[in-house]
Amino acid sequence: MARIYVDPSIRNCAKALLIEALEDVNRRVSCGDSFWAARTRVVEMHANEWVRLYGKDAADQAVRGLHMLAPTEVLDRETRRKQRDREIAQCRAHLAAYDPKRNTRLNRLWLSWFGVRLY
């Protein structure tokens, strides 16, 4: 199998771009966006600028690296907690407004413990 040589300066630029993008994604998710929407928005906003400033190779590596990471690898603990609390509050409001028959004490307790409805 052939080895692909990647210039170390390109790799370092890609790492710097990826760290910048991760901070931006964290900031957007903590403000209320979903992870997937925030990641897409960050790539849309910065991709052309990255290509212009650092070249196509570094920008491609940064974008591929961003797409390879799962939400648990990108988001810090505080942002994950905020996102989970928002999802629980949204589910609780939906349960009370649109499904009052299932708004039982057991279902509310299950929702507060595990973050999802029981039934």
Side-chain angles (χ1 to χ4, degrees):
M1 181 182 293
R3 279 195 122 160
I4 298 174
Y5 175 73
V6 178
D7 187 14
S9 62
I10 292 174
R11 184 175 293 141
N12 291 336
C13 287
K15 284 180 190 176
L17 293 174
L18 185 60
I19 290 170
E20 175 187 335
L22 294 179
E23 290 171 357
D24 200 8
V25 168
N26 259 322
R27 186 179 50 78
R28 286 181 171 279
V29 170
S30 67
C31 289
D33 286 350
S34 72
F35 169 76
W36 309 106
R39 185 184 72 178
T40 303
R41 180 72 54 125
V42 166
V43 170
E44 286 174 355
M45 285 180 8
H46 296 298
N48 290 332
E49 179 185 349
W50 290 347
V51 171
R52 186 174 47 83
L53 293 176
Y54 297 101
K56 188 173 183 330
D57 293 335
D60 282 347
Q61 282 190 8
V63 170
R64 271 192 250 124
L66 187 60
H67 280 289
M68 294 295 279
L69 296 174
T72 56
E73 296 171 326
V74 173
L75 303 176
D76 58 357
R77 179 176 288 159
E78 182 68 22
T79 305
R80 279 186 285 180
R81 187 190 57 76
K82 284 182 184 179
Q83 185 179 26
R84 183 175 184 272
D85 291 345
R86 255 193 323 271
E87 289 172 356
I88 289 172
Q90 181 182 13
C91 188
R92 186 174 288 136
H94 181 271
L95 187 65
Y98 299 113
D99 208 356
K101 288 183 181 178
R102 294 185 180 176
N103 194 13
T104 62
R105 184 177 179 163
L106 177 64
N107 216 354
R108 289 191 306 267
L109 187 63
W110 195 270
L111 180 64
S112 66
W113 281 347
F114 301 110
V116 293
R117 294 177 5 177
L118 178 63
Y119 56 90

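Residues: numbered from 1 along the sequence shown.
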Of the non-hydrogen atoms in C13 and A58, which two are nearest, and what is the gap between them?
CB-CB, 4.0 Å
Taking the side chain as every heavy atom from C-beta outward, state whether S112 and R92 have any atom pair closer than 4.5 Å.
yes
Does the side chain of T79 reach to within under 4.5 Å of the side chain of Q83, using non-hydrogen atoms?
no
Apart from M45 itself, its cluster of hydrophobic side chains linked below 4.5 Å comprises none
Looking at R84 and G115, what are the two nearest heavy atoms and their distance?
NH2-N, 3.5 Å
Got H67 and R39 here, is their nearest side-chain heavy-atom distance under 4.5 Å?
yes
Quick test of your reading of the model: are R81 and E78 salt-bridged, counting only N-O distances below 4.0 Å?
yes
Of all heavy-atom pairs between G32 and R86, which one has the smallest distance, and what is that distance?
CA-CZ, 3.6 Å
Are L111 and L106 grouped together when hydrophobic residues (ILVMFWY) are joined by side-chain heavy atoms under 4.5 angstrom apart?
no
Start with the C-alpha gap between H94 and Q90, add the side-chain angles, then the distance that decides, and say whether side chain to side chain contact (heavy atoms under 4.5 Å, CB included) holds.
CA-CA 6 Å; H94 181 271; Q90 181 182 13; 5.6 Å; no
Closest heavy-atom pair and its distance - M68, E73:
O-OE1, 4.1 Å
Crowding at OH, Y98 (>12 non-hydrogen neighbours, <6.0 Å):
no
Students should find that the hydrophobic cluster of L66, defined by side-chain heavy atoms under 4.5 Å apart, otherwise consists of L17, L18, L22, V25, V29, F35, W36, V42, V43, W50, L53, Y54, V63, L69, V74, L75
Donor-acceptor pair, side chain of N26 and main chain of D76, under 3.5 angstrom:
yes
Can you tell me how far CD of E87 sits from CG of D85, rounded to the nearest 0.5 angstrom?
9.5 Å
Going by atom types only, do T104 and N107 share a side-chain donor-acceptor pair under 3.5 Å?
no
Cationic N near anionic O, under 4.0 Å, R27 to D24:
yes
Contact summary for D33 and A38, nearest pair of heavy atoms
CB-CB, 4.2 Å
Are any non-hydrogen side-chain atoms of L95 and R117 less than 4.5 angstrom apart?
yes
